[in-house]
Amino acid sequence: MDHLTDFRAQKDAFFLEDHHSPLTAEQKQSFEGLQYFDDNPELRIEVDLERFDPVDHVQIQTNTGAVQTYERFGRFRFMVAGEEAELTVFRNDHGYFLPFADALAGKETYGAGRYLEPEEIGDDRLVVDFNLAYNPYCAYNENWSCPITPPENRISLPIRAGEKNFI
């Protein structure tokens, strides 16, 4: 079993069995696993991060009306199917945070966007693996509070990788 397949199987098991799962008891009764796009190696990319100077502290509103504070840390550019896109990376005490909404949001993927935690691999270099993109917990259960994707991270290109809409 490859790393991505194993990761997805573990996530399904967590959602079904763990008491920290975002699923309600009723949802667990019919849960047959999350839906994903096929692995897309072209959307596992290494990027150069252009840091913002100075770094701004921003308040990102959540779906419940609360706010969370992040550093608006930097941005990167990348190619999707021959077209350039740009996303902003945020950071807090837990590390890097990349909320994004693409052209598939509200159709094939969660309407408010998906999340990633890019991995630092060197000075201002990150691995951004869109195959690991996931829905926030509020996509499954409205009782969870989730940051709303900022306008600057809403792109018009489709990212056909990672988790699909929860049905």
Side-chain angles (χ1 to χ4, degrees), residues 1-12 14-15 21-23 31-52 58 60-63 68 70-92 94-122 124-142 144-167:
M1 187 180 297
D2 67 46
H3 172 72
L4 186 60
T5 302
D6 185 50
F7 171 80
R8 290 173 173 180
Q10 288 180 25
K11 185 169 183 178
D12 282 348
F14 169 81
F15 270 53
S21 168
L23 299 181
F31 182 70
E32 295 181 6
L34 299 172
Q35 301 299 308
Y36 296 95
F37 290 99
D38 291 339
D39 184 20
N40 187 341
E42 292 180 9
L43 289 172
R44 183 186 188 281
I45 55 178
E46 293 183 9
V47 301
D48 294 313
L49 186 65
E50 177 189 328
R51 286 191 193 204
F52 294 121
V58 295
I60 298 179
Q61 186 156 352
T62 71
N63 62 303
Q68 295 180 6
Y70 291 88
E71 291 179 340
R72 190 172 167 270
F73 194 72
R75 77 174 137 240
F76 66 92
R77 291 173 182 80
F78 64 105
M79 300 296 286
V80 178
E83 294 190 54
E84 187 175 81
E86 177 180 292
L87 290 171
T88 297
V89 175
F90 298 87
R91 189 172 75 166
N92 65 12
H94 302 290
Y96 295 110
F97 177 55
L98 179 59
F100 71 96
D102 64 328
L104 305 175
K107 300 170 188 145
E108 295 180 58
T109 64
Y110 182 56
R114 295 178 285 164
Y115 298 164
L116 278 174
E117 283 85 31
E119 176 188 343
E120 188 171 27
I121 56 171
D124 296 328
R125 299 233 352 117
L126 300 173
V127 171
V128 177
D129 187 350
F130 287 101
N131 294 291
L132 301 175
Y134 62 93
N135 293 328
Y137 279 5
C138 54
Y140 315 105
N141 183 333
E142 64 186 24
W144 288 86
S145 182
C146 306
I148 297 171
T149 301
E152 68 194 287
N153 276 10
R154 296 180 181 275
I155 60 174
S156 61
L157 301 172
I159 304 290
R160 293 189 184 286
E163 198 172 321
K164 292 182 177 182
N165 249 339
F166 180 63
I167 301 172

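The chain is numbered in sequence order, starting from 1.
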Return the set of residues passing salt bridge (Lys or Arg N to Asp or Glu O under 4.0 Å) with [X] (not counting sequence neighbours), or none when no residue passes.
X	answer
Arg154	none
Asp12	none
Asp39	none
Arg77	Glu50, Glu86

Q: Dump the intermediate steps for side-chain contact (heavy atoms from CB on, under 4.5 Å) on Asn165 and Gln35, then the final yes or no.
A: CA-CA 7 Å; Asn165 249 339; Gln35 301 299 308; over 6 Å; no

Restricting to non-hydrogen atoms, name the atom on [X] and the atom on [Y] that form the minimum distance, rounded to 0.1 Å.
X	Y	value
Pro158	Ala103	N-CB, 3.7 Å
Ile155	Ala85	CD1-CB, 4.3 Å
Glu142	Asn63	O-ND2, 4.0 Å
Ala161	Ala133	O-CB, 4.3 Å
Ser21	Phe15	OG-O, 2.7 Å

Q) How far apart are the C-alpha atoms of Glu46 and Arg125, what are their side-chain angles, what is the distance that settles it, and do they pass the side-chain contact (heavy atoms from CB on, under 4.5 Å) test? A) CA-CA 7 Å; Glu46 293 183 9; Arg125 299 233 352 117; 3.0 Å; yes

Q | Proximity of Phe130 and Phe37 rings by center, below 6.0 Å | A |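 So the answer is no for these two rings.
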
Q: Taking the six-membered ring for Trp and the single ring otherwise, decide whether the centroids of Phe97 and Phe73 are under 6.0 Å apart.
A: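 Ring centres of Phe73 and Phe97 not closer than 6.0 Å.
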
Reported [atom1]-to-[atom2] distance for the pair [X] and [Y], which is rounded to 0.5 angstrom:
X	Y	atom1	atom2	answer
Ile159	Leu87	CD1	CG	7.0 Å
Asn40	Leu4	CG	CG	10.5 Å
Lys11	Asp6	NZ	CG	14.0 Å
Ile45	Asp129	CD1	CG	9.0 Å
Thr149	Leu98	OG1	CG	9.0 Å
Trp144	Thr62	CH2	OG1	13.0 Å

Q.
Holding to side-chain contact (heavy atoms from CB on, under 4.5 Å), I want the full list of residues that pass it with Thr88, two or more places apart in sequence or in another chain.
A.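 Result, side-chain contact (heavy atoms from CB on, under 4.5 Å) vs Thr88: Phe52, Arg72, Arg75, Phe90, Glu152, Asn153.
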
**Q.** Any donor-acceptor pair under 3.5 Å from Thr109 side chain to Leu104 backbone
**A.**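 It does hold such a pair.
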
Q) Knowing that exactly one of Asp124, Asp48, Val89 qualifies, which makes a side-chain contact (heavy atoms from CB on, under 4.5 Å) with Phe76? A)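 Testing Phe76 for a side-chain contact (heavy atoms from CB on, under 4.5 Å) against Asp124, Asp48, Val89 leaves exactly one candidate, Val89.
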
Decide yes or no for [X] and [Y]: does some side-chain heavy atom of the first lie under 4.5 Å from some side-chain heavy atom of the second?
X	Y	value
Pro150	Ile60	yes
Leu34	Tyr140	yes
Val128	Leu116	yes
Tyr115	Pro147	yes

**Q.** Partner set under ring-ring contact (aromatic ring centres under 6.0 Å, His included) for Tyr110, not counting sequence neighbours
**A.**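 Scan of Tyr110 (ring-ring contact (aromatic ring centres under 6.0 Å, His included), adjacent residues dropped) gives none.
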
Q.
Using salt bridge (charged side-chain N to carboxylate O under 4.0 Å, His left out), reason through Glu163 and Arg114 one step at a time and then give a plain yes or no.
A. CA-CA 8 Å; Glu163 198 172 321; Arg114 295 178 285 164; over 6 Å; no

Q | Side chains of Tyr96 and Glu71, donor plus acceptor under 3.5 Å | A |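 Per modelled atom types, Tyr96 and Glu71 side chains form no pair under 3.5 Å.
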
Q. Does a side chain donor of either Gln68 or Tyr70 reach within less than 3.5 Å of an acceptor in the other side chain?
A.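 Yes, Tyr70 and Gln68 have a side-chain donor paired with an acceptor closer than 3.5 Å.
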
Q) What's the verdict on side-chain contact (heavy atoms from CB on, under 4.5 Å) for Tyr134 and Leu132, showing C-alpha distance, side-chain angles and the deciding distance? A) CA-CA 6 Å; Tyr134 62 93; Leu132 301 175; over 6 Å; no

Q: Considering only NZ, NE, NH1 and NH2 on the basic side and carboxylate oxygens on the acidic side, decide whether Arg160 and Asp38 come within less than 4.0 Å.
A: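 Result for this pair is no, no salt bridge flagged.
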
Q: Test Ser145 against Tyr137 for side-chain contact (heavy atoms from CB on, under 4.5 Å), laying out the working first.
A: CA-CA 8 Å; Ser145 182; Tyr137 279 5; over 6 Å; no

